Each structure stands twice: as C-alpha cells, then as structure tokens.
Protein chains: 2
Amino acid sequence: MIKTNRGFSESLEDYLEAIYVLGGQNVRSVDLANRLGVSRASVNKAVNSLIEKQLVEKERYGGIYLTAFGRATSQGVEKKHQILKHFLTDVLGVPEATANLEACGIEHIISADTAKRIEKLIEAKKKNDPR
Amino acid sequence: MIKTNRGFSESLEDYLEAIYVLGGQNVRSVDLANRLGVSRASVNKAVNSLIEKQLVEKERYGGIYLTAFGRATSQGVEKKHQILKHFLTDVLGVPEATANLEACGIEHIISADTAKRIEKLIEAKKKNDPR
DNA sequence: CCACAATGTTAGACTTGGCTAACAATCGGA
DNA sequence: TCCGATTGTTAGCCAAGTCTAACATTGTGG
C-alpha cells in the first residue's frame, strides 16, 4: 500500500540482487531463473525492465552485465540483506534458513539509515558478548 | 518472490489491520479508503476478498465487521506492528514517522516467533537502560 | 560438423490490486 | 419530508509480474 521503496519494485530488486550475487558479469538467465524459482520467460521480462532502468546491459542471446549504477544499487540491497541476516541469527537467534527468508523481504523495506542503526546494534552486542 | 506470508497478501493484511484499528465493528468503507489512501472502489474489491476468506462480514450497503477469525488474524498483524514500531524508535532511535512506515512493511514479513524475539530484545534493553 | 540439448525470446493468458466514471442507496439538515 | 451530499457498488480499464507453449538461437559431444 504505502511505498517505502526507493524507486524499484521489490521484484526487480530481487532480480538485481541475484545478478550481483551471481557475479554481476556474463550472468545467464537460466541461472537467475533457478536461483529465484521463476521461469526463463519471467527472467527475460524482468531483465528488459532492468535494462530500461539502466541497471544492467545485455546483448541479444548474450550474458547480463551490471552497469555501475546497477552494481551500486545491488550492493546496497545485498548489504542490507547481510546486516539483517546477522541481526536475525546472531542477535535474535533465529534459525539461519528463516533468517535468510525474512531478510529477503525486509531488505526491500528498510532505509539505509535504519540498516546502519541495526549494524551498530550488532557491533554493540558483539562487544558485550563476544562469542 | 519467495513468499514468507501466512496465507494472505500484504495488501489484504493492510486492509484487515485497518479494519481492526478502526474498531472492527460497523467500519465504513470511506474511512478505510481515507486511512489507506485508496479509492472507495478499491476498498470494495478488497473487502469482498476478505469476505470470501471469511475474515470479515458485511451486508450490502452496511458496515464491516471482523469475524472471530479476522479479529485474531488482524490482532496478530497489529501486534507485530507495535513491536516493530517500538523496536525501531526505542531501541534503534528511528524517527517515529519512518518507524511507522517501515513497521508497516515488515509486519507482513516476519513470523510470530521473530516478533516475539524482538519483543524480548526490547524488554532487555528497558532493563539495562530504563529511561 | 552437425544434430540434439540447452538456453533465450516471444506471444498470449491469468491474477492481483490499483484507478475513474457512472450509477444506486442512504443519510441528514432545512 | 425530501433533496442534495455522502457513501457504497459496479463496470471497465490498466500495469506488474507471473506462467506455459512455441519458436529461435547457441553450444557441444559423438
């Protein structure tokens, strides 16, 4: 309903993040499809949207490449994912599988500022209780 | 992409939560529309979906009423909202407006278990730093 | 080197969740 | 009481994001 987002849909952010995780260079549609659990056709459509938004580049039948813009954007999302995952597992004690799933959703919602605050909370916790 | 959800769409959960917040009895479409920033027509459609799913009841041109099931469900969502809001403001120091927005998104993603863990974290923080 | 498997693309359909415009019902104050 | 304003409903439209099926291209093992 209310959009917390900074310009891209959650779905497109998922695709972008996956491209980043898969190396960001010469990424194949079929690998994206497998990782995200969608059809190759859906990947094709989504990648065309990412191209329109200048987040990736690609030639017909060729591999997918992040642009500088796309790399920066996807790194931001992935960073949030890592922070959230660590928060959920290390601070809250949520099982890893659940943590990954929930991080995957929350990463599209919170601001960079909130992410930073969570990061600090993790640091503080580490100081007081360092393993 | 990956569904973390327990059966209802985020959108429907938003409607349901709003109905709860507005009293859960004899709720008017126009009030829902105003609160959620959507048209009365959209509310009408959504409420019909909620009726199908047995979450609310309503007569033609009449007010909206939560069923027992709908009340339980909406209470769960609202509870998560409150926990998240307090975590964001009291523990992290996020401004209230932002906290509400982000809580509004996260509440549809996290499990009851994770919410409970966050609640405990808030309690712990209160003990160590009670105002 | 070439046929078949794997991959990429396109077209068309479906669902969800919005919108506006027009119409129907209800409500409230003069 | 009744007329206009408010509210609810319906119909039709749109965009996003998914799917399958069919087709095009590419790549590769005999």
Side-chain angles (χ1 to χ4, degrees), chain A residues 1-19 22-23 25-66 77 104-105 107-109, chain B residues 1-19 22-23 25-66 74 77 101 104-105 107-109:
Chain A
M1 196 79 32
I2 294 155
K3 272 289 129 252
T4 326
N5 241 4
R6 280 140 304 289
F8 313 114
S9 72
E10 300 199 358
S11 176
L12 286 189
E13 277 192 6
D14 279 333
Y15 283 101
L16 195 63
E17 188 186 10
I19 292 168
L22 292 177
Q25 296 204 347
N26 203 24
V27 175
R28 298 190 320 158
S29 293
V30 70
D31 294 328
L32 276 178
N34 290 336
R35 164 170 261 266
L36 296 174
V38 298
S39 68
R40 298 196 310 276
S42 297
V43 171
N44 193 271
K45 245 197 200 179
V47 168
N48 283 330
S49 296
L50 293 176
I51 291 172
E52 267 181 26
K53 295 174 165 43
Q54 324 244 27
L55 292 160
V56 305
E57 286 170 349
K58 175 176 160 317
E59 297 187 337
R60 227 176 130 87
Y61 293 101
I64 302 160
Y65 293 80
L66 286 172
V77 178
C104 205
E107 69 193 7
H108 305 296
I109 293 170
Chain B
M1 195 82 30
I2 294 153
K3 270 293 125 253
T4 326
N5 240 7
R6 282 139 304 287
F8 312 115
S9 72
E10 300 198 358
S11 176
L12 286 189
E13 276 191 9
D14 279 332
Y15 283 101
L16 195 62
E17 187 186 10
I19 292 167
L22 292 177
Q25 295 202 352
N26 203 22
V27 175
R28 300 189 319 157
S29 292
V30 70
D31 294 328
L32 275 178
N34 289 337
R35 163 169 262 266
L36 295 173
V38 298
S39 68
R40 298 195 312 274
S42 297
V43 170
N44 193 271
K45 249 195 199 179
V47 168
N48 282 331
S49 296
L50 293 176
I51 291 172
E52 267 181 26
K53 296 175 166 40
Q54 325 243 25
L55 290 160
V56 306
E57 286 170 349
K58 176 177 159 317
E59 296 186 338
R60 209 147 197 282
Y61 293 99
I64 302 160
Y65 292 81
L66 286 172
S74 56
V77 179
L101 272 183
C104 205
E107 70 194 7
H108 305 296
I109 294 171

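Being a predicted model, the structure only gives us computed values, none of them experimental. Chain A is the first sequence line, chain B the second, and so forth, proteins listed ahead of strands; every chain is numbered from 1.
At the phosphate of D:dT18, neither OP1 nor OP2 sits under 4.0 Å from any side-chain N or O atom of A:S39. In this model, the phosphate group of C:dT16 is not approached by any side-chain N or O of B:S49 to a distance below 4.0 Å at OP1 or OP2. The phosphate of D:dT18 (OP1 or OP2) has a side-chain N or O of A:Y15 nearer than 4.0 angstrom. The side chain of B:S9 contributes an N or O atom lying less than 4.0 Å from OP1 or OP2 of C:dG17. A close approach under 4.0 Å does occur between a side-chain nitrogen or oxygen of B:S42 and OP1 or OP2 of C:dC19.
A side-chain contact (heavy atoms from CB on, under 4.5 Å) with A:Y65 is found for one member of A:I19, A:N26, A:V27, A:V56 and no other, namely A:N26. Of the candidates B:E13, B:E10, B:E17, B:H108 forms a side-chain hydrogen bond (donor to acceptor under 3.5 Å, both in side chains) with just one, namely B:E13.
Under the salt bridge (charged side-chain N to carboxylate O under 4.0 Å, His left out) criterion, A:R28 pairs with A:D31, sequence neighbours left out.
Nucleotide D:dA15 holds its P atom 21 Å from the CD atom of A:E10, rounded to whole Å. Atom CD in A:E52 sits roughly 12 Å away from atom P in D:dG17 (whole-Å rounding). Rounded to an integer number of Å, the gap from A:D14 CG to D:dA16 P is 17 Å. A straight line from CD1 of A:I64 to P of C:dT9 spans 8 Å, rounded to a whole angstrom. What separates NZ of A:K53 from C1' of D:dA16 is a distance of 10 Å, to the nearest Å. When rounded to the nearest whole Å, the span between CG of A:L22 and C1' of C:dT7 equals 16 Å.
With rounding to the nearest 0.5 angstrom, the NZ atom of A:K53 is 11.5 Å from the CD1 atom of A:I51.
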Q: Let me have a per-nucleotide readout for nucleotides 5-12 of chain D, 5' to 3', with B, S or -, counting only protein heavy atoms under 4.0 Å.
A: --BBBB--
Q: Go through the steps to decide whether A:L66 and A:L16 satisfy the test side chain to side chain contact (heavy atoms under 4.5 Å, CB included), and finish with yes or no.
A: CA-CA 8 Å; A:L66 286 172; A:L16 195 63; 3.7 Å; yes
**Q.** side chain to side chain contact (heavy atoms under 4.5 Å, CB included) between B:S49 and B:L55, intermediate numbers included
**A.** CA-CA 9 Å; B:S49 296; B:L55 290 160; over 6 Å; no
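Put simply, the side chain of B:N44 never gets that close to the backbone of B:R40: no donor and acceptor are under 3.5 Å apart.
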